[in-house]
Amino acid sequence: MSRALVIGAGPAGLMAAEEMARAGLAVTLAEAMPSPARKFLMAGKSGLNLTKAEPLDDALPHYAPLPPALEAALRGFGPEAVQDWARGLGQEVFTGTTGRVFPVAMKASPLLRAWLARLAALGVTLRSRWRWTGWDGAAMRFDTPEGPRVETPDVAVLALGGASWRRLGSDGAWAGLLPAASVAPFKPANVGVAVHWSAPMRPHFGAPVKGARLIAGAAGDRGEFTVSAGGLEGGGIYMVSRALRDGAALAIDLFPDLSEPELRRRLARPRGKASLANHLRKALGLAGVRAALVNEFGRPLPGDLAPVLKALPIRHAGLRPIDEAISTAGGLRFAALDGFMLRDRPGVFACGEMLDWEAPTGGYLITGCLATGRAAGRQAVVWLRGPAPEPG
């Protein structure tokens with residue numbers, strides 16, 4: 001029986017291991033951390049967003065870059081397939097009002113337990129605390145609890161993750177084991193912005209801002225975000241973090257459903273003896289954290305408030321550190337791959353967040369990891385078995 005080795009037990013690695021085990025390979029799954037899929041479990045603590053229920057052609061523009069190998073992987077395992085996969089593990093799913101798909105259990109742990117049980121039934125062997133340290137010729141070296149170990153699999157898949165959330169195992173250290181030219185520098189993705197708040201904002205730390213639209217250059221997205229002690233974070237900010245990283249300015253449209261003329265009409269209502277704060281509250285419902293943001297970033301308030309409310313300029317100190325990012329851009333370049341196989345290492349494939357692509361949260365990240373893991377595992381089987389014999 002041919003032997004396969006998968007390094008990294010996140011969603012991409014688990015999917016690659018399953019594909020190869022189903023093809024009859026003896027699969028060993030090596031994980032540097034004490035337990036598998038720690039980042040996956042952490043993502044599921046606030047509700048595991050598996051995918052987005054939308055046509056694949058609407059989802060593809062959210063992936064960047066989108067080389068042919070990644071597009072083919074997503075077309076082979078898109079949003080509908082992800083939902084069927086979860087159901088196959090006994091986890092029913094539902095679609096929220098924004099199109100995001102979640103397990104009914106709203107947790108990652110039941111799905112992960114069912115998945116690991118299925119992998120064990122397929123004969124996959126999980127090795128924890130096995131840290132890959134590089135190659136010894138064609139062999140692969142590991143530091144393990146029992147000491148150094150060398151493995152010589154017939155085929156291998158690298159699923160080593162990106163460079164965020166170091167405490168959960170994604171530290172990007174693997175980049176030093178590959179040729180420097182094959183790895184694009186890591187950059188934070190799906191990350192908040194740092195803001196040095198004034199004292200009046202402190203009572204609003206932890207408050208969500210709903211119904212607003214964030215604007216960053218040509219990018220814009222309507223989504224919830226949170227005011228935190230360190231700045232602004234949450235899905236709405238993450239959707240525009242790529243544009244912010246590239247130097248775009250950040251603004252917030254606090255009333256995306258109202259035009260500037262309509263805002264002016266409402267603000268023109270007689271104010272009487274009411275303070276400006278009370279007038280804004282009565283005329284527009286502007287109060288709480290939203291009013292605090294206007295006071296923080298809009299002063300001195302102009303006579304015509306409508307343009308400010310439609311594009312409140314946010315002064316920030318750049319993106320939060322990479323280790324606070326949900327994911328990273330950069331990683332193993334697709335130019336260094338033939339499909340998902342390393343050009344300079346025949347029989348070694350790569351998948352998941354370690355590849356040079358990025359996507360926003362909202363189900364796109366997990367879908368991409370599952371799809372590339374599946375594709376890498378399948379390509380590894382095809383490579384191992386060689387070309388099909390000619391007919392006749």
Applying the salt bridge (Lys or Arg N to Asp or Glu O under 4.0 Å) criterion to Asp253, which one of Arg222, Lys310, Arg290 satisfies it? Lys310
When you measure from the side chain of Ser164 to the backbone N and O of Ile322, does any donor-acceptor pair fall under 3.5 Å? no
Test item: Trp357 side-chain N/O and Gly331 main-chain N/O as donor-acceptor pair under 3.5 Å: no
For the residue pair Phe186 and Trp174, is the inter-centroid distance of their aromatic rings smaller than 6.0 Å? yes
Looking only at atom types and distance, does a side-chain atom of Thr367 sit under 3.5 Å from a main-chain N or O of Leu50, one as donor and one as acceptor? yes
Could you tell me whether the side chain of Val157 reaches within less than 4.5 Å of the side chain of Phe340, counting heavy atoms only? no
Enclosure of Arg166 CZ (heavy-atom neighbours >12, cutoff 6.0 Å): no
Under a 3.5 Å distance rule, please check whether Asp136 uses its side chain to pair with a backbone N or O of Arg141 as donor and acceptor. no
Any donor-acceptor pair under 3.5 Å linking the side chain of Thr125 with the backbone of Thr28? no
Should we count CZ of Arg75 as having more than 12 external heavy atoms under 6.0 Å? yes
Derivation of the side chain to side chain contact (heavy atoms under 4.5 Å, CB included) call for Val27 and Leu119: CA-CA 10 Å; Val27 181; Leu119 290 173; over 6 Å; no
So, the side chain of Asn49 versus the backbone of Val101: is there a donor-acceptor pair under 3.5 Å, distance only? yes
For Glu358, the option from Lys187, His62, Arg245 that meets side-chain hydrogen bond (donor to acceptor under 3.5 Å, both in side chains): Arg245
Does any part of the side chain of Trp135, heavy atoms only, come nearer than 4.5 Å to the side chain of Met140, both counted from C-beta? yes
Is atom CZ of Arg343 surrounded by more than 12 heavy atoms (other residues, nucleotides or ligands) closer than 6.0 Å? yes
Residues Ser198 and Glu296: side-chain donor-acceptor under 3.5 angstrom: yes
Could you tell me whether Arg345 and Asp338 make a salt bridge, using a distance below 4.0 angstrom between a side-chain N and a carboxylate O? no
May I have the step-by-step check of side chain to side chain contact (heavy atoms under 4.5 Å, CB included) for Leu355 and Leu337, ending in yes or no? CA-CA 10 Å; Leu355 302 179; Leu337 303 173; 3.8 Å; yes
State, with a plain yes or no, whether a side-chain heavy atom of Leu178 is found less than 4.5 Å away from one of Leu342. yes
Would you say Phe297 and Arg315 make side-chain contact, with heavy atoms under 4.5 Å? yes
Between the main-chain N or O of Gly76 and the side-chain N or O of Arg374, is there a donor-acceptor pair closer than 3.5 Å? yes
Side chains of Ile252 and Phe225 in contact at under 4.5 Å (non-hydrogen atoms): yes
Is it the case that over 12 heavy atoms from other parts of the model lie below 6.0 angstrom from the CZ atom of Arg131? no
When you look at Asp143 and Thr133, which way does the side-chain hydrogen bond (donor to acceptor under 3.5 Å, both in side chains) test go after all the steps? CA-CA 7 Å; Asp143 284 338; Thr133 59; 4.8 Å; no
When you compare the side chain of Thr226 with that of Ile237, does any pair of heavy atoms fall below 4.5 Å? no
Do Ile314 and Leu232 pass the side chain to side chain contact (heavy atoms under 4.5 Å, CB included) test, and can you show the C-alpha distance, the side-chain angles, and the key distance before you say yes or no? CA-CA 10 Å; Ile314 305 301; Leu232 300 174; 4.1 Å; yes
Check: Thr51 and Leu370 side chains under 4.5 Å, non-hydrogen atoms: no
Is there a donor-acceptor pair closer than 3.5 Å between any side-chain N or O of Arg333 and the backbone N or O of Ala181? yes
Between Glu260 and Pro307, is any pair of side-chain heavy atoms under 4.5 Å apart? yes
Regarding Arg265 and Glu262, does a basic nitrogen lie under 4.0 Å from an acidic carboxylate oxygen? yes
Under 3.5 Å: donor-acceptor pair, side chain of Arg3, backbone of Thr152: yes
Under 3.5 Å donor-acceptor, Asn190 side chain and Ala359 backbone: yes
